[in-house]
Amino acid sequence: MPLVVMKFGGTSVDGIRRIRNVAAKVQVETSAGNNVIVVVSAMAGRTTELSETVGNISRMFDAREFDAVVSTGENVTAGLLALALQDLGVPARSWQGWQVPVRTNSAHGAARIENIRTESIVTKFAEGMKVAVVAGFQGITQDGRISTLGRGGSDTTAVAFAAAFAAERCDIYTDVSGVYTADPRLVSRARKLNRVSYEEMLEFASLGAKVLQTRSVELAMHNKVRLRVLSSFCDGPGTLVCEEEEIMEQRAVSGVASSRNEAKVTLISVADRPGIAAAVFGLLASADVNVDMIVQNISEEGRTDITFSCPVEHVSKAEIALNEVLESGAVRYRSIVADTEVCKLSVVGIGMRSQSGVAAKMFKALADDGINILVIATSEIKISVLVDRKYMELGVQALHDAFQLDRC
Ligand code: ASP
Ligand code: MG
């Protein structure tokens, strides 16, 4: 029997009425003759609440117990949805991660799925069960402890199940109707995309579009899972995340991404010789600073400046780490300058590979609005710039207009 995976996010399962709405949507699939694996998130806000509770009881918490607590929101919604389905007469059963089991590595709080055993669920389907409701975001480590997959991890659970069970498709139901050309809260004329390639989606996700966890997109791309993002509140086909070849439209740019809370840190007058960048960024990595763009320019008299960007909330740990380096004498520099008032604007599109002039057009659009560019970084299908945070809305709008993303 054909199998589909459906995943419902926190707002979709927030309360009894919405859980019943989800059950009705699942029933549409079973009535069409499909078996269904439903992956659920915790109710909206629940995971945050649980992690704050852990923080309140113990500041230096044990990551295994953190996972034991924060994974529980999903257990509740999985059980409730199985009950709502049974109420509709649909044979359904819930599974927590360890019951499947979903095996992960032992990186508690950001664990990776290693494998999913299909037997227990397959056996139940063979006995006539129609729906397996799986608690997302969680698994079990080799040594039998509960693990969690990082925020937004239910998306990854869903894609991993779709791959493990060779599902026909994986539908991710959320509170927006798909993937947009820009954040609709910033650009009123942002348009929903009908299709987006895995690679573009990967860029959007890692640039901070919250709609899918980055890891889930990687997994989908690797396993060629047909992924759809759609709304649980209104009907519509959503956005299909698929292979490049399935996309007819040949635009240079598919969308504009923006990330508000960025910082730019510059080390002034660093020695320009082998090993310095390795030492600086090795240190930042051990301090868990999430470094994004890195720029180094030509040197003068053997000294140069190194600039990098990171999330605003990582600046103080970066400064602490860099000060320690200076005191130890490992790397010498004159000073650190941190600008915590910047944001990142990016244009993304697979069409960029074959079309020239995208950077020029982007920079001109920003210049026409008097927006100064602080740092530029590019990849094959993306151009990102840092600009003053106060220009974020203006900048996103300018780029959206320049690439005519409101037009089909
Ligand atoms: N409940 C978890 C979170 O809020 C996992 C998820 O919803 O994807 O991050
Ligand atoms: Mg999510």
Side-chain angles (χ1 to χ4, degrees), residues 5-15 18-19 22 25 37-55 63 66-81 94-98 100 102 104 107-113 116 133-140 146-163 170-180 183-185 196 201-202 204-220 225 227-233 238-239 241 257 259:
V5 172
M6 303 169 86
K7 181 258 171 178
F8 292 89
T11 46
S12 310
V13 292
D14 196 8
R18 290 186 176 175
I19 290 177
V22 167
K25 284 194 175 295
I37 294 179
V38 188
V39 174
V40 286
S41 286
M43 293 188 201
R46 188 69 189 134
T47 308
T48 305
E49 217 174 274
L50 289 165
S51 54
E52 284 168 4
T53 309
V54 174
F66 174 85
D67 279 355
V69 177
V70 300
S71 61
T72 57
E74 274 73 8
N75 300 346
V76 175
T77 46
L80 290 175
L81 180 59
S94 73
W95 269 265
Q96 295 178 11
W98 66 271
V100 177
V102 176
T104 74
H108 284 276
R112 278 188 166 234
I113 295 178
I116 293 174
V133 186
V134 173
F137 178 55
Q138 50 172 265
I140 183 169
I146 304 296
S147 54
T148 64
L149 310 181
R151 298 307 305 265
S154 299
D155 297 333
T156 300
T157 306
V159 174
F161 271 80
C170 181
D171 290 345
I172 308 276
Y173 286 85
T174 175
D175 50 4
V176 290
S177 52
V179 180
Y180 281 75
D183 184 339
R185 287 165 302 184
V196 67
M201 195 61 232
L202 204 50
F204 286 133
S206 44
L207 289 167
K210 293 264 167 1
V211 60
L212 287 174
Q213 197 194 35
T214 307
R215 177 79 189 122
S216 73
V217 186
E218 278 169 8
L219 256 187
V225 170
L227 196 59
R228 262 202 315 169
V229 177
L230 60 179
S231 162
S232 39
F233 303 116
T239 300
V241 187
S259 151

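Each ligand, and each atom within it, is numbered from 1 in the order the structure gives.
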* Asked: Quick check: does D155 get an N/O under 3.5 Å from an N/O on ligand 1?
  -> no

* Asked: Is the closest heavy atom of G153 to ligand 1 under 4.0 Å?
  ->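 Per 4.0 Å heavy-atom rule, G153 contacts ligand 1.
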
* Check whether any heavy atom of G152 sits under 4.0 Å from an atom of ligand 1. =>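 Contact present.
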
* Run down the list M43, E74, R151, K210 and name the one with the heavy atom closest to atom 1 (N) of ligand 1. =>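 Selected option, by shortest heavy-atom distance: E74.
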
* Asked: Quick one: nearest non-hydrogen protein atom to atom 6 (C) of ligand 1, plus distance?
  -> S154 OG, 3.3 Å

* Who's the nearest protein heavy-atom neighbour of atom 7 (O) of ligand 1, and how far? ->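 The closest heavy atom on the protein side is S41 OG, 2.8 Å.
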
* **Straight-line distance of L149 CG to Q138 CD, nearest 0.5 Å** =>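 Those atoms lie 8.5 Å apart.
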
* Identify the two heavy atoms, one from S71 and one from T148, that lie closest to each other, and give their separation to 0.1 Å. => CB-CG2, 3.8 Å

* To do: Compare every heavy atom of V229 with every heavy atom of T174, then report the nearest pair and how far apart it is.
  => CG2-CG1, 3.8 Å

* **Exceeds 12 heavy-atom contacts within 6.0 angstrom, atom CZ of R228** => yes

* To do: Using the side chain to side chain donor-acceptor pair (under 3.5 Å) rule, take R112 and T156 through it: C-alpha gap first, then chi angles, then the decisive distance, then the call.
  => CA-CA 9 Å; R112 278 188 166 234; T156 300; over 6 Å; no

